[in-house]
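So that the names make sense, note that chain A is the first sequence line, chain B the second, and so on, each numbered from 1. Predicted, not measured: the structure shown is a model, and the values here were computed from it.
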Amino acid sequence: MLIIKNLKVNYGYVNALKGVDIDIKGGQIVSILGSNGAGKTSLLKAVSGLVEDKSGTILFDGQDITNMSTEKIVSLGISHCPEGRRIFPQLTVEENLKIGAYVLRNKKVNLQEEFERVYAFFPKLKERRRQVAGTLSGGEQQMLAIGRALMSKPKLLMLDEPSLGLAPIIVNEIFKIIKQINSEGVTVLLIEQNANGALKISDYSYVLELGQVVSEGDSKKLLNDEGIRKSYLGA
Amino acid sequence: GCGKETKTTLAQGVDEKTIKVGTIGPTSGPIAIVGVPMLHGMQAYFNMVNDLGGVNGRKIELIAKDDQFKPDLALQKAEELVEKDKVFAIVGQLGTPGCLGTLDYFKEKGIPAVYQGTGVSAFAKAKGNYFPVQPNYTFEGGLLVKYAVDNLKANSIAIIYGNDDAGKEELEGVKAQLKKMGKEDVLKAEVPFNTQDLDFSAHVQKAAEVKPDVTIVVGYQKAVPGILLEAKKQGFKTQFMTSYINADLTMLTLAKDAADGVIVTAWVPDITDPNNQAAKKFIETYKKYFPNETPNAFAAAGWVAAEVFVEGLKRAGNDLSWEGYIKAMETFKDWNDGIAKGITYTKDRRNGVEKMYFMKAVWDEKMPRFEKISDFVGLE
Amino acid sequence: MKKYMKQVIILAIFILLPLVFNFNRSFMTLLNMAGIYVVIAIGFNILLGYAGQISLGHAAFVGIGAYTTAILSTKCNLSFILIIPIVILISGILGFILGLPALRLQGNYLAIATLGFGVAFSHIFMEWESVTGGFSGIKGINPPNLFGYQFKTRLSMYYFILFFIVVSIIFAKNLIKTKTGRALMAIRDSEYAAMSLGIDVAKYKTIAFLISAIYAGVAGSLYAFLFRQVYPNTFDVGMSLNILAMIVIGGIASIEGSVVGALFITLIPEFLKNIKVQNASFILTGLLLILCVMYFPYGLVDIYRRFKVWLKKKAAVKDEGVKV
Amino acid sequence: MSQVIVSGIITGSLYALAALGLVLIFKTSDVVNFAQGEMAMFCTFIAYTFMTFVGLPYYIAFPLTIICAGILGVIVYRLIIKPLSKSNVLSIMIATLGLIMILNGLAGNIFGFETKSFPKLINAKNINILGVSLEPNSLLIVLITFAIMLSLFFYFKTMEGIAIRAVAQDVDAAKLMGISVKRVTVTTWIISSMLAATAGMLIAPTTFLDINMMSEVHLKSFCAAVLGGFNTFVGPAVGGVLIGILENLVGKYISLAWKTVFAFILIIVMLVVRPNGLCGKSYRRKV
Amino acid sequence: MNKQALNFKDITIAFGGLKAIDSLSFDVKEGEIVGIIGPNGAGKTTLFNIISRFYKQDTGKIEVFGEDVSSLKPHDVINKGIVRTFQNVELFKHMTVLDNLLIGQHRNLNYNIFSSLIMTRRVKRIEEDAKKRAFEILNILGIGNYAYYYPINLPYGIQKKVELARALISNPKILILDEPAAGMNDTETIDLSNKLKELKDKFNLTIIVIEHHMPFVMNICDRVVVLNFGKKIAEGTPNEIKTNPQVIEAYLG
Ligand SMILES: Nc1ncnc2c1ncn2[C@@H]1O[C@H](COP(=O)(O)OP(=O)(O)OP(=O)(O)O)[C@@H](O)[C@H]1O
Ligand SMILES: Nc1ncnc2c1ncn2[C@@H]1O[C@H](COP(=O)(O)OP(=O)(O)OP(=O)(O)O)[C@@H](O)[C@H]1O
Ligand SMILES: [Mg+2]
Ligand SMILES: [Mg+2]
């Protein structure tokens, strides 16, 4: 579904990605691990067309999206929940969700139903739906960012550290939600610092270090890999 | 004059073929509205003179500098004209700030300065190398109020004046004249406005409260029609009078019937009058050189500046030193050949135009016009 | 001493410039005006570039400096040695007052409040005739007099102004390298973090206004000494916007940028004036403003930085060449 | 008293009308378009040209000018705003200062420097209500201003409207929502240019048409927007009307000469009391 | 060890109708590391904002070493020895990491503006010392090589560390940290918690920390306070908390 070949990303003199190959099959959950600065965020930004200096090829459903504009990429059915939440602080919670469904604006969608689906995942958001998003607590904002990403009914959902700043009970919830969405046919590309959780729910995983893929494989296998356990699982 | 070791007495900027003349005024930005027509008026006159062979065989070259209506830039441009371009004279400089800002410098240099596009009385007092043409506002204010009291028999007068140099000097003039006539109590209301104002309802109300027989309005072209329209709206009945600044069709076309019956002063014979030869020449020449423009009062002012300057040149003949030119200018005695009438210069008399006449605006959809209602009159 | 070599050379160039080229008087006037704008722009950059506080009313301070000088010089016959401290005091106080609304306002709201301040003052200069002379302004300001030497010519004023520029630059540079300057930048980047680290936001915002007002006031004083007359319509909104344009064109948060910007904006009309098309220099100036922000988003000073990067790249290529 | 208040409301609605385009641009890009007034002036000249040189009647020239204004909006966007899309807000504001010079200069060269009269929307006899004399044309302008204000207000609640606001708050995040930032920005420039043209043509009968016709209105519209609250559409109307009334009352009862000074001091004081404008919502970033 | 460092007495604050903190009381002893946990939106950050005086509580008071600080201005809080980090990282973006750390020392630099204008010898010396100290702290946290970077270009985890360094350099007695380990993986988190313990001993700190990362909390905290809907629902050692059914239901899941 998503095929990335020899992807390189630079920020001025910094080579954030130095030739990465990744292959995501439809219907999978794929997770990407890596320590701070490994280039995980850069990878997602490259896919959704948010970085300028990049080379390589990115194919989505067989279509070359390497040089497409972000809005086009997104309208093809990729939804990207970015690092740092990036909710619209001066819009209300519900307006944030509404704009999440922007790509569906010309289709007949019952927005109210979509809201309710998200509110079912995150009841907290429903309580706060008229609140200006910028005044939400950190975790509430995170929920909103995830909820907003779900609103566009994507084919591929890319989540950049969704569990960041969430209470353990919600983290578990998030993983369940990801599973559920995946079971509805959505492919998921997941970046997580919570390597344990990510490896448990994903089918396949990549490990990035200093802009390169250093290992990859079935998530179950990686979960038992000694090196991985030491660097990411705190064991 | 400067550096006259050679036997010729020519001042800087003059040779056998040309006379270089400088002018300074705002020709870009907002006040270009005044600056550009005035510059073109001068240019039209000089072009005409040059096309007819120049003055004593010398063609006039006009160097125009843009001061953006700023006194500091005006001074800088003045220095450039005098010391770098080495012009013979400064003609038709426009704008109170610029004229004031360069006054000391030009006095120090002694370069002839003909026509200041401002009514501030400082230049009449400057004497020496200064030759104002345009009547100053103090004088005009006096004339207006004198006419109101003597001819219109006004017992109560209100003045609505622009809060700028022109308006304030005009007010001075009104007050001084009333004092001279011992009629200070006739002035019932003094209402200032800011030159950028759009809403004149308060101003008109204030004036209307004193129920004046005559209301004098002084200000630039846009404010006056605004006030007239507001007065019409409020049903304020009074005899309006205004300054020569508005003595062209602009006021009539903007205010339309609200301007009907307004009395204006004029010093340039009505440029819309088909029987006026001098004015006709102006309009024809202007249209020849600037076919896309309609000659207005500002353009006429530029024309007058050039006309007076060239008359001085003619009188000076070949004695084109600064002293020679100044001396020649001082021979003007009730000069009436140009558009402007009755100009007299002596060693201590530099008032420029000292006689004006009155006109009445007539609104007529097809032919809006001014009708002359008095002869040339002065204050004495 | 070696450390300051570059600065000394630049200063020497500026000292020798008018002597070598023997500029005519009107160009010297323009240079002097540019110099005065340099002082204003440096102060304004401290306010906008470093402290992140906008002002669209800075011409008022220049006017206050100029009028204070004019009045003290003509009515009280004071020497400039006394006038300048008084100007500093008065513009400082007014800067403080304008700083007060800034404590509560941000962005456009601050812009409008300061604009209002500027417009109000330009009317006051015009209306308060008994003090400011109304539209006729004030004439006859004495030239600065130092031990009997009168700074009367454009050249002597050039050096007089240059002295103030040098002092302005040194003070500004030292300021931003130390505690106060850093506190200003901190406020600009995050008020919350600044507060939590013990920076009194109100105090430092006020300081920023105060300092930039003093720079503008002193520049106003220099203006009065240069032209020896002042008129109200000089200090209008147009001037305030010009000052803003200077530092954006030159470089926000850069002292060198202030200098470059001030010189650029004051001198371009001089280079465009020879185009004999109606309004051409006005239109082209506008065009240049746009092109500048387009091609030099970090200001004209960025040319120098880019040049350095380019040099380094060249050097790097050479190094590699050696390796191979 | 009531006459000056009513007059103030009418003048104020001119300020408000001019401010709406300003606010629209601001809401999408945080940019204050200093050239808004000059765009209005330029478009009004276009309308004038249609009427006097092409000889079109007013009711055809008006919509035609609005279309031209839309084109002007596209041009401004393509040539200035788009190339600057990655620059900071101040740079764009300086560019709009440059645009003032270009438009003002060109207008002078193309259309000349004389002051012209511009026709009103409707020419009906003044009406008199309770001793206050009113021009029907002015009433119509007030109505139009409020109508535009309301439509903008509701437009901003629709999906497209929310998209515009989203772009203003976070460009990259907006792109991730599938919003074409370019399209949204060019749309707002088109609309705001059309608003400028509308404002210009409705204001010109009052200020008369020349290259300076908008200078004062523009300054005041800026004040109106800020006083009312720059991030709302109701704000400019409230601010504009308030400034209009305030100026007249100060002029009538305190001093005509000092009214500008008073008005601005009052604006500053009101802002200090309500730092986000009278109708603006305060939004403080949370940490 | 037993002196009271911080004492919250009956704190309440509401936004609109919602009580973000509701009659909250607890204290922190000198030298302790106290964890504050609770579901999202429980009021944890709000509590920190109250300590920082960004918000004023509606009722109740806060004592620092026995002194009521409710009337302090935000910029005075640091003078009581309290300094904080922020949940979403509040670095000075347009200043280098080094400059960020120099601002951390702002109130310790004792010279006035006039001496800095002419750059007296003393000013130079103080500045040099401040720089040295900045490097010391950066090196302790292992981020010395980032001194001349601008924060925007740094990965999130490093930014969090820079913020910690900036807080530490001001010689605080009480350090309050809002989710210091967010964005770090388990290994990095454990490293950080060990580092914090070390720092605590080295600088005699009292630490209050909000964190959702349970291994971190378990590893580092002497005591944990649990909030839910602005109310304290439990308080105790990490192990007690871990097994508290109320906490499990509301928070741990
Ligand atoms: N805008 C930028 N400018 C310069 N360098 C950048 C920029 N963004 C990222 N980098 C650098 O690129 C590298 C990869 O960054 P990236 O954000 O992709 O890492 P990451 O794996 O997502 O890290 P984290 O876990 O901290 O989120 C880092 O070294 C970072 O410093
Ligand atoms: N300024 C405000 N206006 C309105 N509501 C607010 C404001 N600040 C906070 N809140 C609300 O108060 C509650 C507490 O917020 P707080 O940030 O303290 O939560 P938290 O415990 O830190 O949560 P998290 O773990 O998600 O960061 C939240 O529900 C939030 O929406
Ligand atoms: Mg990342
Ligand atoms: Mg929080």
Participant: Mind checking whether E:Leu47 and E:Lys44 have side chains closer than 4.5 Å, heavy atoms only?
Facilitator: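 Result no, sub-4.5 Å side-chain heavy-atom pair not found.
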Participant: Tell me, for E:Glu211 versus chain A, whether the close heavy atoms (under 4.5 Å) come from the side chain, the backbone, both or neither.
Facilitator: neither
Participant: Using the ring of E:Phe54 (Phe, Tyr or Trp, six-membered ring only), decide whether E:Arg84 places NZ or CZ under 6.0 Å from its centre and within 45 degrees of its axis.
Facilitator: no
Participant: Just checking, any donor-acceptor pair under 3.5 angstrom between side chains of E:Thr187 and A:Ser231?
Facilitator: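 Judged by distance alone, the side chains do not pair up.
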Participant: Relative to chain A, which segment of E:Met184 carries a heavy atom at a distance below 4.5 Å: side chain, backbone, both, or neither?
Facilitator: both
Participant: Validate the cation-pi geometry between E:Arg223 and E:Phe26: distance from NZ or CZ to the six-membered ring centre under 6.0 Å, angle to the ring axis within 45°.
Facilitator: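 The answer is no, since E:Arg223 fails at least one limit relative to E:Phe26.
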Participant: Between A:Glu140 and chain E, which part of the residue has a heavy atom less than 4.5 Å away: side chain, backbone, both or neither?
Facilitator: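 Its backbone and side chain both get close to chain E.
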Participant: If you count heavy-atom pairs within less than 4.5 Å of chain A, which of E:Leu18, E:Thr189, E:Val89 leads?
Facilitator: E:Leu18
Participant: Looking at every non-hydrogen atom in both residues, tell me the closest pair between A:Thr92 and A:Arg129 and how far apart they are.
Facilitator: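 Heavy atoms only, the tightest pair is CB-O, 3.8 Å.
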Participant: Please state whether the side chain, the backbone, both or neither of A:Leu166 comes within less than 4.5 Å of a heavy atom of chain E.
Facilitator: both
Participant: Between A:Gly165, A:Ser137, A:Ala38, A:Ser35, which shows the greatest number of heavy-atom pairs under 4.5 Å with chain E?
Facilitator: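 Highest number of pairs under 4.5 Å: A:Gly165.
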Participant: Is there side-chain contact between E:Leu205 and E:Leu196, with heavy atoms separated by less than 4.5 Å?
Facilitator: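 They are not in side-chain contact.
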Participant: Would you mind telling me which of A:Glu127, A:Met143, A:Arg128 has the largest number of heavy-atom pairs within less than 4.5 Å of chain E?
Facilitator: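 When all of A:Glu127, A:Met143, A:Arg128 are compared, A:Arg128 has the most.
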Participant: Apply side chain to side chain donor-acceptor pair (under 3.5 Å) to residues E:Tyr146 and E:Gln159 and explain how you reach the verdict.
Facilitator: CA-CA 10 Å; E:Tyr146 292 113; E:Gln159 292 187 26; over 6 Å; no
Participant: Considering only heavy atoms, which portion of E:Leu154 lies under 4.5 Å from any heavy atom of chain A: side chain, backbone, both, or neither?
Facilitator: neither
Participant: With only heavy atoms counted, which part of E:Ala20 is less than 4.5 Å from chain A, the side chain, the backbone, both or neither?
Facilitator: neither
